[in-house]
Amino acid sequence: MGIHDRQILQLAVPSIVSNVTVPLLGLVDLTIVGHMGNAAYIGAIAVGSMIFNVIYWIFGFLRMGTSGMTSQAYGRGDREELLNVLLRALTVGLLIALAFLLLQKPLRWAALELMHPSPEIMSLASTYFNICIWGAPAMLCLYGLTGWFIGLQNTRIPMLVSVLQNVVNIVASLGFVFGLGMKIDGVAAGTLTAQWAGVLLALAFCRRECRKQGLGAVRSRWQAVYAKAPMRQFFTVNRDIFIRTLFLVAVNLFFTSAGARRGDLILSVNTLLITLFTLFSYVMDGFAFAGEALSGRYFGASDKPAFAATVRCLFKWGAWMTLLFTAVYALGGVPFLHLLTNEEQVITAARPFFWWAVLIPACGVAAFIYDGIFIGITATRGMLVSSAVAAACFFGLYLLFEPLLGNHALWLSFLVFLVVRGLVQAVILARA
């Protein structure tokens, strides 16, 4: 195994562990409310969690943009810029969080009106929202800190933070609900406690990392942190990622709503099968994070041979993961569906669409890897263009074939969306 393979695995494996722990936060909340004796609590958690998932996903540029700019500064050996990027990310994150807190009432109203749950669930979801919104400063700062650590070639710290958040969430939620007799407010308070515990641990690691990188002696002038040129680059990079994320959110929300319009059974089938995409994304995101760190490092250092070798190794690992997941899904996918549900009607209805899900790894692998590379070299305009073109193909194909193919048209459009993202990015990188 070559040096680039080892570097990739050292960064990818902790990131994969971190990704796997993310859904556990929601799973713990769902398990607790599932024992409260009222199905409305489950609905409220589902609604409240979805609201915050979409919000934080949209503002994920704070992590991605910070990762790319940090890794390039690390590659150049620019210690002052390392600190400046962190301060910019934390400042912007806190400003966005402040806007959330000031506008929380209209934000809550808009989100709940859009989802339109029953009156009982709306009331409970409002309680959940009113508490969890105070975690926005912690979450958005944690995005910046996570990107900074990845840029410093360190994915172990984000992994440790994710593990701590899960432990704190479990202990705090159980204590609030079963110890203090709280209900939905106890679950929300547990989530909030975990979010702040995570950012405090990340800040402690940040202080240690600053000493390790020799940043303690660096005195960043505020004029340098908020100088016009670097701030323009910061917002340009993050603007492109923000708009690109909106395209991804639009496709994913439409995928869900299009299935819902075909009835509860098809919605259940699509939800079940898209889990195969989610599992693959957890692993491939780990390799994408490694791509962010290493491609940005070598791009910043102007080391073209190392950059090219890293890209080749990333695609090699992508090929192995594609073969592994395709084989697992093809041979064991249907038994796996039985683990997720015992509803034979849903499993039977899923069979005609199952092979679309088996094709997900082959169709999506390039998009994941190129995303990591493009973030690392801050070629975010290319990410935006690829997502825009792919989204246009998705909606165009669905409108064209839906009358003929029904739900098959939705899956065809989704796989084409994944393929086009990778193809467009490949063309852009080849011409760079």
Just jot down the ring pair (Phe, Tyr, Trp, His ring centres under 6.0 Å) partners of [X], sequence neighbours excluded, or say none.
X	answer
F353	H408
F176	none
F395	F254
Y74	none

Among residues two or more places apart or on two chains, list those pairs meeting salt bridge (Lys or Arg N to Asp or Glu O under 4.0 Å) that have a residue in [range].
range	result
residues 100-115	none
residues 146-168	none
residues 388-399	none

Legend entry - Results of salt bridge (charged side-chain N to carboxylate O under 4.0 Å, His left out) for R63 - residues two or more places apart only: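 Applying salt bridge (charged side-chain N to carboxylate O under 4.0 Å, His left out) to R63 gives E292.
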Legend entry - Under 3.5 Å side-chain donor-acceptor pair for Q72 and T378: yes
Inset, instruction - Could you list the residues that satisfy side-chain hydrogen bond (donor to acceptor under 3.5 Å, both in side chains) with S387, not counting sequence neighbours? - result: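 Residues passing side-chain hydrogen bond (donor to acceptor under 3.5 Å, both in side chains) with S387: none at all.
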Legend entry - Residues that T380 engages under side-chain hydrogen bond (donor to acceptor under 3.5 Å, both in side chains), provided they are two or more places apart: D240
Inset, instruction - List the steps and the verdict of side chain to side chain contact (heavy atoms under 4.5 Å, CB included) for T66 and L86. - result: CA-CA 7 Å; T66 303; L86 174 62; 5.8 Å; no
Inset, instruction - Return each pair, listed once, that meets side chain to side chain donor-acceptor pair (under 3.5 Å) where at least one residue sits in residues 243-253; pairs must be two or more places apart or across chains. - result: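 Those involving residues 243-253 are R244-D371.
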Inset, instruction - Give every residue pair that meets the ring pair (Phe, Tyr, Trp, His ring centres under 6.0 Å) criterion with at least one member in residues 81-110, sequence neighbours excluded. - result: F59-F100
Inset, instruction - Have a look at N19 and tell me which of D285, T278, V283 forms a side-chain contact (heavy atoms from CB on, under 4.5 Å) with it. - result: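 That would be D285.
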